[in-house]
Amino acid sequence: MRVISLFKWLYPGMRVKRWLFLMGVGIVSMAVGAYLAIGLNVVDYLNDAARWLFLKTGQDLSTFSTHLGVALIIAGILAVLYSVFRIVWSISDVLAPNRTEGLSELVYRQRYLSHGQRIVVIGGGTGLGTMLRGLKRYTSNLTAIVTVADDGGSSGRLMREYNVLPPGDIRNCLVALADNEGLMSDLFQYRFEGKGEGLAGHSFGNLLLLAMGAVTGSFDEAIRETSRVLAIRGRVLPSTLEQVGLVAELADGTVMRGESAIGHHPGGNPIHRVSLDPSNVQPLDEALEAIAEADAVIIGPGSVFTSIIPNLLVPGIVDALRTTSARRIYVCNVMTQPGETEGFSAADHVNAIEQHIGKGIIEMALVNIGIPSHEVLERYAEQQAHAVRADFEGLEGMGCHAMAADFLNETDLVRHDPDKLAAAIMEMVA
């Protein structure tokens, strides 16, 4: 069967026969050239020709045969190399017909990046997606562990109506890790418009994950199959496969339930502590294994109380962080968040996390020292949001080494620049 399979390369329309023939010609050319170059004594066999050539040109035939042999060897090598290139190109054009990059870029992505550092990122929201866009240029050994406590918007509606895990943050990470953030990524992020119920407000990616879960029979399998559709560089894992809610106790003792309500509660009454309901959910084994095998674990960026801490509250996650040999790095937010981290410095962000998981887990912190424009700061101030103060002394006092740089990517919104952030992370990991 294998022999028969080999003969299929000779079928019409395979577009390799001509290049196989050229390769054969090249091999024959190299063989003849080597035979001539190493000393074929043509003078003994072609005395008349040799005498005529010497009288007309003064050129000895034996020297001419050596030059001809070298030329044939070079021509043969070029013919073989070109044939191999055309065969590989013809095959890759079938396997990846819609590629926009060159063949070398395709091989680089599949081979070189697969040997990159093993990095686990923990969080949720848009900040996590921003960081993943930068890191995927350095390694494809990425694992994003994402919170499933989101109960707002499209994710919340699907969770309540179909009894599934909220897909929103997972969808964002899948798109961020997509090999080619083009039309398919735009499709996943497309949000239906309209009034009332139905499709209005839902994103296509959320609906696809919902349908994929129904087809495959499980949410984690739905994520794996969707990852193949997007050809992502890495993998995305929920911190748990069980439905879980978020509960917050405010400074005055008020209890709030639901991630969306907690993240948008009015300021002036800080969050004291958050917890999961139920608290005894099971972590995903793949998430624990990824942390154990990682070279670095990145916590954040993202909403401290509603995106980062909920992942860390899943039983087993903190124990895995304490026992891993990976570097544990916290990426501090650029701006404070109304209702969550009003007035917080970088050290306050780390302290809020340690109040929930204990001290000594976060070893390093990446802190932005870039300053947004005055106009942007004024616009954020109207929403009670301000630039996070670095507070290096506070971080060092907590045993957390700080690395500071300008990580800003300022447009209409103040966000981390994915390339700057990824470069700094890879420097710390190395």
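Looking at every heavy atom in both residues, D348 comes nearest to G343 through OD2-O, 3.9 Å. Across all non-hydrogen atoms, the minimal contact from G339 to I271 is O-CD1, 3.7 Å. A pairwise comparison of heavy atoms in N206 and S154 identifies ND2-OG, 3.0 Å as the closest pair. Considering every non-hydrogen atom in both D417 and L408, the closest pair reads CB-O, 3.7 Å.
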Practice prompt. Show your working on salt bridge (charged side-chain N to carboxylate O under 4.0 Å, His left out) between D151 and R257 and close with a plain yes or no.
Written response: CA-CA 10 Å; D151 65 348; R257 295 182 178 275; over 6 Å; no

The test is salt bridge (charged side-chain N to carboxylate O under 4.0 Å, His left out); show your working for E363 and R328 and say whether it passes. CA-CA 5 Å; E363 301 174 314; R328 302 180 296 271; 3.5 Å; yes

For a salt bridge (charged side-chain N to carboxylate O under 4.0 Å, His left out) check, start with the C-alpha distance between R379 and E382, then their side-chain angles and the critical distance, and finish with the verdict. CA-CA 5 Å; R379 190 169 67 251; E382 294 175 357; over 6 Å; no

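Rounding to the nearest 0.5 angstrom, the gap separating the CG atom in L177 from the CG atom in N172 is 11.0 Å. To the nearest 0.5 Å, atom CG of residue L284 and atom CG of residue L241 are 5.0 Å apart. Interatomic distance, CG of L209 versus CG of L165, reported as 10.5 Å (0.5 Å rounding).
Using a 4.0 Å cut-off between charged side-chain N and carboxylate O, R133 and D419 make no salt bridge.
Remark: the N163 side chain and the Q243 side chain contain an N/O donor-acceptor pair separated by less than 3.5 Å. Judged by distance alone, the side chains of N141 and R118 never bring a donor and an acceptor atom under 3.5 Å apart. When only modelled atom types and interatomic distance are considered, T130 and H416 share no side-chain donor-acceptor pair under 3.5 Å. Between the side chains of R273 and H356, not a single donor N or O lies within less than 3.5 Å of an accepting N or O. Side-chain atoms of S203 and R191 form no donor-acceptor pair, as typed in the model, at a separation below 3.5 Å.
Here the two rings, on W19 and F85, have centers that are 6.0 Å apart or farther. The aromatic ring centres of Y190 and F192 sit less than 6.0 Å apart.
Here the side chain of K136 pairs no donor or acceptor atom with the backbone of G234 at under 3.5 angstrom. A donor-acceptor pair under 3.5 Å links the side-chain atoms of D391 to the main chain of G394, judged by distance alone.
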For a quick test of your reading: what N or O donor-acceptor pairs under 3.5 Å do the side chains of residues 303-324 make, sequence neighbours left out?
| from | atom 1 | to | atom 2 | distance (Å) |
| --- | --- | --- | --- | --- |
| S303 | OG | Q337 | OE1 | 3.1 |
| S303 | OG | Q337 | NE2 | 2.9 |
| T306 | OG1 | E340 | OE2 | 2.8 |
| N311 | OD1 | T147 | N | 3.0 |
| N311 | OD1 | S239 | OG | 3.2 |
| N311 | ND2 | G123 | O | 3.0 |
| N311 | ND2 | S307 | O | 2.9 |
| R322 | NH1 | K359 | O | 3.3 |
| R322 | NH2 | I357 | O | 3.1 |
| T323 | OG1 | D319 | O | 3.1 |
| T323 | OG1 | A320 | O | 3.3 |
| T324 | OG1 | I291 | O | 2.7 |
| T324 | OG1 | A326 | N | 3.2 |

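Listed by chain and residue number, R224 satisfy the side chain to side chain donor-acceptor pair (under 3.5 Å) test with E286 (two or more places apart in sequence, or in another chain).
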